[in-house]
Amino acid sequence: MPEPLDPDMFAGCPPVGGPVRIGDKWTAKIIRCLESGPRRFTELQAPLRGITPKVLTASLRAMERDGLLTRTAYDEIPPRVEYALTDLGRSLIEPMNAGCAWSRAHLAELTRARASWQAG
């Protein structure tokens, strides 16, 4: 039998939400879209089918706040805004690749487990 969990095991953690946002629905996909370089808002919308402009805006702002991307507004007519990954945002690509590899290797097993659980 394992030892009981230490009730203070998270005592040293800051009392804020987790620093990594890639668990939400859109952040990892946005990182993939920006992996090859800066993109405009409308460019991001094309592969992110189903995302509303409001949700994309909120996701981009949250990622900018967390230091994962930069937003550059150019003084042009019509206005042009580009989003690009920062080094911090780019540092998430390797762990995301590992997660994708794990998913590819275990998806069938995961699907079977879910079906078995639902069957009761």
Side-chain angles (χ1 to χ4, degrees):
M1 181 172 204
E3 290 194 26
L5 292 173
D6 178 0
D8 294 322
M9 65 190 290
F10 300 114
C13 296
V16 295
V20 179
R21 303 186 39 80
I22 63 171
D24 71 5
K25 184 173 182 177
W26 298 108
T27 301
K29 290 178 180 179
I30 292 170
I31 289 172
R32 285 289 181 215
C33 289
L34 296 174
E35 187 174 2
S36 62
R39 300 286 178 176
R40 296 177 73 172
F41 190 91
T42 53
E43 289 180 284
L44 294 171
Q45 284 181 302
L48 299 175
R49 292 182 194 101
I51 194 169
T52 64
K54 180 180 177 180
V55 171
L56 179 54
T57 297
S59 297
L60 291 167
R61 284 183 181 159
M63 292 174 70
E64 183 181 13
R65 177 201 68 212
D66 290 348
L68 302 179
L69 59 79
T70 59
R71 178 185 185 276
T72 305
Y74 296 92
D75 190 20
E76 299 175 353
I77 297 178
R80 178 170 59 106
V81 175
E82 288 184 340
Y83 298 90
L85 290 177
T86 61
D87 288 341
L88 181 63
R90 197 163 285 290
S91 73
L92 288 169
I93 293 171
E94 187 176 337
M96 285 173 44
N97 288 342
C100 289
W102 184 92
S103 294
R104 280 191 299 276
H106 299 285
L107 185 59
E109 184 180 353
L110 179 67
T111 303
R112 283 192 304 274
R114 286 180 178 175
S116 175
W117 184 84
Q118 286 209 307

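- Contact detail for Ser59 and Trp26: the closest heavy-atom pair is OG-CB, 4.1 Å.
- Residues Leu44 and Cys33 approach most closely at CD2-CB, 3.5 Å, considering heavy atoms.
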* **Step-by-step side-chain contact (heavy atoms from CB on, under 4.5 Å) determination, Val81 to Phe41** => CA-CA 7 Å; Val81 175; Phe41 190 91; over 6 Å; no

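- A side-chain donor-acceptor contact under 3.5 Å links Glu43 to the backbone of Arg40.
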* To do: Report the C-alpha separation of Tyr74 and Glu82 in whole Å, then their side-chain angles, then the decisive distance to 0.1 Å, and conclude whether the side-chain contact (heavy atoms from CB on, under 4.5 Å) test is met.
  => CA-CA 8 Å; Tyr74 296 92; Glu82 288 184 340; 3.3 Å; yes

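- Taking CG from Leu85 and OG from Ser91, the interatomic distance works out to 9.5 Å, rounded to the nearest 0.5 Å.
- With sequence neighbours excluded, the residues that form a side-chain hydrogen bond (donor to acceptor under 3.5 Å, both in side chains) with Asn97 are Arg32.
- Partner of Glu35 under the side chain to side chain contact (heavy atoms under 4.5 Å, CB included) criterion, out of Ile30, Leu92, Ile93: Ile93 alone.
- Here the side chains of Thr27 and Met63 are in contact, with some heavy-atom distance below 4.5 Å.
- Met96 and Leu110 fall into different hydrophobic clusters, where Ile, Leu, Val, Met, Phe, Trp and Tyr are joined by side-chain heavy atoms under 4.5 Å apart, directly or via other members.
- With sequence neighbours excluded, the residues that form a salt bridge (Lys or Arg N to Asp or Glu O under 4.0 Å) with Glu76 are Arg80.
- Hydrophobic clustering (ILVMFWY, side-chain heavy atoms < 4.5 Å, transitive): Trp102 and Ile31 are in distinct clusters.
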* Is there a side-chain contact (heavy atoms from CB on, under 4.5 Å) between Leu56 and Gln45 once you walk through the steps? -> CA-CA 8 Å; Leu56 179 54; Gln45 284 181 302; 3.6 Å; yes

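- Sequence neighbours left out, not one pair with a member in residues 110-120 passes side-chain hydrogen bond (donor to acceptor under 3.5 Å, both in side chains).
- The two residues Tyr83 and Leu34 have their closest heavy-atom pair at O-CD2, 3.3 Å.
- Thr70 OG1 to Leu88 CG: the interatomic distance, rounded to the nearest 0.5 Å, is 12.0 Å.
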